[in-house]
Participant: 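One structure coming up, written as structure tokens, with questions to follow.
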Amino acid sequence: MDSTNASRCSPEISLDPDRWEDFRHAAHRALDDALDLISTIREGPVWRRMPDEVREELREPVPRQGRPFEEVYRRFADCILPYFTGNIHPRFFGWVHGTGQAGGIVAEMMTAAMNANCGGRDHGAIHVERAVIEWCKEIFGFPADASGLLVSGTSMANLIALTVARNAYVPDIRAAGLVESGGRLAVYASVEAHESSVKALEMLGLGSKALRKIPVDGDFRMDVALLRQQIAEDRAAGMEPFCAIGSAGTVNTGAVDDLDAIATVCADEGMWFHVDGAFGGLCALSDRLRPELRGIERADSLGFDFHKWMFVQYDAGCVLVRRGDLHKAAFTMRPAYLKHGKGQRGLAAGADWPCEFGPELSRGFRALKIWFAMQEHGAERFARVIEQNCAQARHLAQRVCAEPDLELLAPVKLNVVCFRFAPPELTPEAVDELNEAIVADLHESGIAAPSTTRVRGRLAIRTAITNHRSRQADLDILIDHVLCMGRARVQGMVAAGSA
Ligand SMILES: *Cc1c(COP(=O)(O)O)cnc(C)c1O
């Protein structure tokens, strides 16, 4: 009977463990290591540089033969695990990195166990993603027929939103491309807007020149009068303004544009209104902060991240589109091998597969870690942590203002504080260099990890607090070390100058 069975010649294999009991033991140990790392994170350095010999060891040829899982894990624990970015540490304040959560470790593990492909079909993961999208619509006041998609981050959210905006404006673009209106389309954002929108416009074939960068006021918010003026000038010159982007929390200073005023301009001009709310958008969770975002509920599309100010493990972003029909029209495709929809039975059932709302077909189960986070902590706890980070930023700003050698470079609206060590005896160039060096000193000593940026041309130590583990005392440690390192360096410069 089974004489034709190939398995008789060579035994069939799978990738499952030969001995589940051994694997179970190793897996439990790995979970313990993960919990040890997180629960004792405060005791170690924020960051340590991966040594050259470890970098070298990672550059190896394709392993042709496998090795026992325990051995692989040991290599990981020795060579990779100690060299985390630092954003799991309470004194990481660089860029805008979320902290992650203990519950997310379990959520990610169970995501891996289910290994769902969330491109579509009728299974639990799809319904979890739908539930998460419905929560987002509720949080931001979007209508019932709005659509949404979980994505890698706000860069992807901006790309998808601007694709929908472009496609809604340019007739037949999916078939004909940009032949007709290329070079004439114009998009507006403030000079402080995030570069991901520029990248998106480049990828969309509109070019970075399509983005008109509108100057900001003293609080780093878009000057809406200049927006109106630029649109009028562009129309007069034969351009076609079709979209404006408002920032809810700019990357440099945390400024929030007057979203309501930009929404009104867009309504008057028949333009699409997109909001980049990467981190600041989630201020909508807080009764105290939500008024800052007034007008966000009028957006045609919105991009924001769960991995920043909701601390969900990377990566987890979201795009919402007010007109779900336009969103779907930009991406839907129904080849025979993806047949689905009404009346379909079994696993292939279900209208509106996620793959019809973005460029990806196979997609991971990002929704589960978001679902766990929201269920475990509740929206109000996130609101409290967001408010706490803003209070910590105000404390930091107060300390900066109280120190004669420190200078605050921008008003503190939310959670971003830009400051610098600026003793009066130094030239502007020397101050820039000094602050760059102080930040590198902080990183290399493992004490704290702010980042740098330029504010009105001057180098700033930039502290963005999207960290539920930070305490006010951590910001005091930051300030104390900036002063100490700065003074030591100035003394060194004086000594070198007089030598
Ligand atoms: C981080 C950020 C982005 C990009 O989001 P990713 O999740 O990193 O892709 C866009 N806009 C702003 C304001 C940001 O802070």
Side-chain angles (χ1 to χ4, degrees), residues 85 87 92-100 136 140 148-163 187-203 208 211 213-214 216 220-222 243-257 259 262 273-284 289 292-293 296 299 301-320 358-360 363-364 366 369-370 386 389-390 393 410 413-418 450-455 460 462-467:
T85 316
N87 52 322
F92 187 97
F93 313 117
W95 303 276
V96 190
H97 280 30
T99 321
C136 297
F140 291 105
L149 188 72
L150 297 181
V151 292
S152 54
T154 300
S155 301
M156 182 57 86
N158 288 343
L159 175 63
I160 289 175
L162 292 172
T163 304
V187 179
Y188 301 78
S190 91
V191 290
E192 293 288 310
H194 193 267
E195 296 301 320
S196 55
S197 293
V198 177
K199 239 192 221 183
L201 294 176
E202 291 173 359
M203 285 190 280
S208 57
L211 188 70
K213 293 193 172 178
I214 308 300
V216 290
F220 296 87
R221 291 151 53 103
M222 184 195 283
C243 174
I245 303 170
S247 298
T250 60
V251 64
N252 271 337
T253 71
V256 179
D257 285 337
L259 301 177
I262 301 174
F273 177 36
H274 174 64
V275 173
D276 177 342
F279 64 95
L282 280 172
C283 288
L289 293 167
E292 303 283 340
L293 306 180
I296 200 169
S301 54
L302 166 69
F304 69 97
D305 283 325
F306 293 101
H307 57 217
K308 288 179 173 170
W309 231 352
M310 229 181 87
F311 318 104
V312 169
Q313 261 80 356
Y314 285 97
D315 45 24
C318 180
V319 60
L320 291 183
E360 294 171 332
R363 306 168 61 246
R366 290 194 178 99
K369 55 194 173 187
I370 303 166
I386 289 170
N389 283 163
C390 293
K413 255 297 163 201
L414 300 175
N415 59 331
V416 182
V417 182
C418 288
S451 56
T452 62
T453 189
R454 284 197 179 262
V455 175
R462 180 176 163 286
T463 308
I465 315 170
T466 43
N467 194 327

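We count ligands from 1, going down the list as the structure has it; atoms in each ligand are counted the same way. When a residue number appears, it is its place in the shown sequence, counting from 1.
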Participant: So, does Arg454 use its side chain to make a donor-acceptor pair with the main chain of Asn252 at under 3.5 Å?
Facilitator: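 No.
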Participant: Which ligand 1 atoms are under 4.0 Å away from a heavy-atom of Ser196?
Facilitator: 10 (C)
Participant: Checking Thr463 side chain against Phe93 main chain: does a donor-acceptor pair fall under 3.5 Å?
Facilitator: no
Participant: Could you say whether the N/O atoms of Thr154 and ligand 1 ever approach to under 3.5 Å?
Facilitator: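 Yes; at least one N/O pair falls below 3.5 Å.
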Participant: Under 6.0 Å between ring centres: does that hold for Phe140 and Phe304?
Facilitator: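 Close enough - the centres of the two rings lie under 6.0 Å apart.
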Participant: Using a strict cut-off of 4.0 Å, indicate which atoms of ligand 1 neighbour a heavy atom of Gly153.
Facilitator: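 Reading through ligand 1 atom by atom, the close ones are 7 (O), 9 (O).
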Participant: For ligand 1, is His307 a contact, meaning one of its heavy atoms is under 4.0 Å away?
Facilitator: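 Checking ligand 1 against His307, which is what was asked, there is a heavy-atom contact under 4.0 Å.
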Participant: Just to check, does Gly317 reach to within less than 4.0 Å of ligand 1 when the distance is taken from its heavy atoms?
Facilitator: no
Participant: Between ligand 1 and Ser152, is the shortest N or O to N or O distance under 3.5 Å?
Facilitator: no
Participant: Measure the shortest side-chain to side-chain distance between His97 and Thr85 over non-hydrogen atoms and say whether it is less than 4.5 angstrom.
Facilitator: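 Result yes, sub-4.5 Å side-chain heavy-atom pair found.
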Participant: Hey, is Ser155 touching ligand 1 through its side chain, its backbone, both or neither, going by heavy atoms under 4.0 Å?
Facilitator: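 The part of Ser155 near ligand 1 is both the backbone and the side chain.
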Participant: What protein heavy atom sits nearest atom 11 (N) of ligand 1, and how far away is it?
Facilitator: Asp276 OD2, 2.7 Å
Participant: Could you list which atoms of ligand 1 come closer than 4.0 Å to a heavy atom of Gly249?
Facilitator: 13 (C)
Participant: What atoms of ligand 1 come within less than 4.0 Å of a heavy atom belonging to Asp305?
Facilitator: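 With Asp305 as reference, the close atoms of ligand 1 come out as 5 (O), 6 (P), 7 (O).
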Participant: Could you tell me, atom by atom, which parts of ligand 1 come under 4.0 Å of a heavy atom of Ala278?
Facilitator: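 Matching atoms, with element in brackets: 2 (C), 3 (C), 10 (C), 11 (N), 12 (C), 13 (C), 14 (C), 15 (O).
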Participant: Output yes when the distance from some N or O of ligand 1 to some N or O of Thr250 is under 3.5 Å, and no in every other case.
Facilitator: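 By distance alone, the answer is no.
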Participant: Nearest to atom 14 (C) of ligand 1, what protein heavy atom do you find, and at what distance?
Facilitator: Lys308 NZ, 3.0 Å
Participant: State, yes or no, whether a side-chain contact exists between Trp95 and Thr453 at a heavy-atom distance under 4.5 Å.
Facilitator: no
Participant: Report yes or no: does Lys413 contribute a side-chain atom to a donor-acceptor pair with the main-chain N or O of Ala255 at less than 3.5 Å?
Facilitator: no
Participant: So for Ser247, does at least one of its heavy atoms come nearer than 4.0 angstrom to any atom of ligand 1?
Facilitator: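 Not so, Ser247 does not reach ligand 1.
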Participant: Can you sort out which atoms of ligand 1 are near Phe279, meaning under 4.0 Å from one of its heavy atoms?
Facilitator: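 The list of qualifying atoms is 15 (O).
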Participant: Would you find a donor on one side and an acceptor on the other, under 3.5 Å apart, between the side chain of Tyr314 and the backbone of Gly98?
Facilitator: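 Looks like yes, one N/O pair under 3.5 Å.
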Participant: Which donor-acceptor pairs under 3.5 Å do the side chains of residues 273-283 make with protein atoms, sequence neighbours left out?
Facilitator:
residue, atom, partner, partner atom, Å
His274, ND1, Ser301, O, 3.3
His274, ND1, Ser301, OG, 2.8
His274, NE2, Asn158, OD1, 2.7
Asp276, OD1, Ala278, N, 3.1
Asp276, OD2, Asn158, ND2, 3.3

Participant: Do Ser196 and Val198 make a side-chain contact, defined as non-hydrogen atoms from C-beta onward lying under 4.5 Å apart?
Facilitator: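 The answer is no; the side chains never approach within 4.5 Å.
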Participant: As a quick check of understanding, evaluate side chain to side chain contact (heavy atoms under 4.5 Å, CB included) for Ser247 and Val256, giving each step before the final call.
Facilitator: CA-CA 6 Å; Ser247 298; Val256 179; over 6 Å; no
